[in-house]
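Note sheet for the following structure.
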Amino acid sequence: MEKINTLKPDYKIMRMILNQCLSLNRGRALSVILLKFFLQSLLLVAAMTPIYIGLYSGGISVLGIFSSCLLFLVACAVDFILEYGQSVSCSRMVEKKNVTVGYLFSGFRDRARKKIFLSSIFLTLISVAVVAVGIFIFWKILDSSGLLDIYLSVSENLDSDAIFRLREASEKIAEISGNMTWLMTILILIVRLPFIYLWLVIYRRGDLGVFRTMRISASLFFRQMFRFIGFVIYVSWKEALSLLVLILLSNFLSSDIVPYGFRFLTLVASIMQLVEEVRLLVKINLSIPVYFYSMTGILEIHLSEYKKEDSEETEPAEIEDKSDEEKSASEIDSENDGSEKSDEEADVGDEG
C-alpha cells in the first residue's frame with residue numbers, strides 16, 4: 001500500500017472552513033448535486049428502456065435484457081465520470097475558486113480523462129459485482145421460500161384462493177426486495193469507501209498512474225478511516241437525525257392507523273424528507289474535500305483566505321503539527337521536478 005504521510009486535522013477548524021464554504025456556495029453546490037441527480041435518473045431510464053419496450057410489446061426478449069444490461073454498464077460508467085465532476089466542483093468551492101455547473105462535466109474534458117475513464121470502469125465492475133451477488137441471493141431466497149412456485153402455478157388456477165396466495169406472496173417479495181436493496185446499497189458504499197479520495201487525488205495529481213492513484217486513495221482512507229467518519233458525523237449529525245425522524249414520520253402517516261383525512265401530511269413529510277436529504281448530501285460532499293485537504297496539508301495554502309470567526313477555533317498550531325520523520329503530505333499537491341520525473345517513470349510500470 002502506498003506510503004503517504006498525513007496530518008491529524010482539527011475538527012473545529014475544518015467545521016469553520018466547511019461552514020464558510022456552505023455560506024458562500026450552498027446554492028452552487030445544490031445546483032451541481034441536483035443536476036447530477038437529474039442526469040443519473042435519465043441514465044437509469046435510458047438503461048431500462050429496452051425492458052420497458054418489451055413489456056409494452058407483449059414480452060421481454062433475451063435481446064432486450066442484454067441491451068438493458070449493456071446500457072446499464074454504460075450508464076454506471078458515465079455516472080462515475082459525472083461523480084468526478086461533482087468532486088471537482090466541491091474541491092474548487094473549498095479552494096474558493098469560481099464554480100459553475102459546467103464543472104460537473106470536467107471528467108469528459110480534463111487532461112486526465114483517460115485515467116478518469118479507466119477508474120470509472122473499475123468502480124462500475126465493483127458495483128456490478130455487488131449487485132450480481134445481491135440478485136443471486138434474492139433469487140435463492142425466493143426459490144427456497146416457495147414464492148416462485150406460487151407465481152408459476154397461479155396462471156393455471158385463478159380461483160379466489162390462488163389470488164389471495166398471490167397477493168400474500170407479492171407482499172413478501174416486496175418486503176424481501178426492499179431489504180435486499182438496502183443491503184446492496186450498504187455493501188456498495190462499504191466497497192466504495194476506500195476509493196472515496198480517488199477523484200480528489202486524480203484532480204490534484206493527474207500525472208499519476210491509475211493503479212497508483214487507487215493505492216494512494218486507499219492508503220489515505222485506511223490511515224484515518226475512523227477520524228474521517230467521525231468528522232462526517234460531527235458536522236452532519238443534525239441533518240441525519242432530522243432525516244431519520246422524517247422517514248419514521250412518513251412511514252407512520254402512511255400506515256392504516258392514521259385516519260384517511262390526515263394522509264395529506266404524508267406528502268408534506270415526504271417533501272421535508274427530500275429537502276433534508278439534499279442538505280445532507282451537500283454537507284457530506286463538501287466535507288470530503290475539506291477533510292482531504294486538511295489531512296494532506298494542502299489546506300495550509302488556502303487557510304489564510306478564510307476569515308477567523310473565533311480565536312479559539314482558528315488556532316493553526318495543530319494543523320502545522322507534523323512528525324519529524326515524515327515529509328510533508330502536501331507532495332500530493334506539488335513536488336519538485338526531480339520527484340515528478342520519478343513518478344512518471346513509476347507510472348509507466350503501473351499503467352503497463
Side-chain angles (χ1 to χ4, degrees), residues 36-37 39-55 59-62 64-80 83 120-155 162-196 229 232 240 243-256 266 269-270 273-274 276-278 280-281 284:
K36 182 182 178 293
F37 178 76
L39 294 174
Q40 191 178 43
S41 302
L42 289 181
L43 290 170
L44 181 60
V45 171
M48 296 299 295
T49 297
I51 291 181
Y52 292 148
I53 293 174
L55 287 173
I60 303 176
S61 63
V62 176
I65 296 176
F66 177 78
S67 300
S68 283
C69 291
L70 185 61
L71 288 173
F72 181 75
L73 293 175
V74 175
C76 285
V78 173
D79 183 62
F80 282 124
E83 187 179 281
S120 300
I121 295 297
F122 175 77
L123 295 176
T124 298
L125 293 177
I126 291 178
S127 303
V128 169
V130 174
V131 172
V133 171
I135 292 175
F136 176 77
I137 296 174
F138 176 68
W139 184 268
K140 285 295 183 181
I141 292 174
L142 293 183
D143 188 30
S144 61
S145 62
L147 296 175
L148 287 177
D149 295 333
I150 295 175
Y151 268 92
L152 294 174
S153 61
V154 72
S155 58
I163 294 175
F164 174 77
R165 287 187 294 113
L166 179 62
R167 180 178 179 182
E168 187 179 34
S170 299
E171 292 175 354
K172 291 180 180 178
I173 290 176
E175 182 181 355
I176 296 172
S177 177
N179 293 334
M180 287 302 301
T181 301
W182 277 105
L183 178 61
M184 284 190 290
T185 302
I186 293 172
L187 287 176
I188 290 174
L189 289 175
I190 292 174
V191 173
R192 284 285 320 279
L193 276 177
F195 307 105
I196 198 167
I229 294 174
V232 173
L243 180 59
L244 178 61
V245 170
L246 288 170
I247 291 174
L248 295 175
L249 179 62
S250 180
N251 292 335
F252 171 75
L253 292 173
S254 60
S255 63
D256 296 333
T266 305
S270 299
Q273 178 182 329
L274 178 61
E276 209 61 38
E277 285 178 2
V278 173
L280 181 62
L281 282 174
I284 291 176

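Bear in mind the structure is a predicted one, so any value in this text is a computation, not a measurement.
- Annotation: the span from Leu44 atom CG to Phe72 atom CZ amounts to 7.0 Å, rounded to 0.5 Å.
- Residues Val278 and Phe37 fail the side-chain proximity criterion, which asks for heavy atoms closer than 4.5 Å.
- Shortest non-hydrogen contact noted between Ala47 and Leu71 is CA-CB, 3.7 Å.
- With values rounded to the nearest 0.5 angstrom, Ile188 atom CD1 is found 12.0 Å from Leu193 atom CG.
- Atom CG of residue Leu189 and atom OG of residue Ser127 lie 9.5 Å apart, to the nearest 0.5 angstrom.
- Counting heavy atoms from C-beta on, the side chains of Leu280 and Glu277 never come closer than 4.5 Å.
- Looking only at side-chain heavy atoms (C-beta outward), Val191 and Val130 come within less than 4.5 Å of each other.
- Among all heavy-atom pairs drawn from Thr181 and Thr185, the shortest one is O-OG1, 2.8 Å.
- Distance check: Ser67 OG to Met48 CE gives 12.5 Å after rounding to the nearest 0.5 Å.
- Within the 4.5 Å cutoff, the side chain of Ile126 has no heavy atoms near those of the Arg192 side chain.
- Using a 4.5 Å heavy-atom cutoff, the side chains of Lys36 and Asp79 are in contact.
- Going from atom CD1 of Ile65 over to atom CG of Leu70 covers 14.0 Å, rounded to the nearest 0.5 Å.
- For the pair Asn251 (side chain) and Ile247 (backbone), a donor-acceptor distance under 3.5 Å is present.
- Of the inter-residue distances, the one linking Leu246 atom CG with Leu253 atom CG reads 10.0 Å to the nearest 0.5 angstrom.
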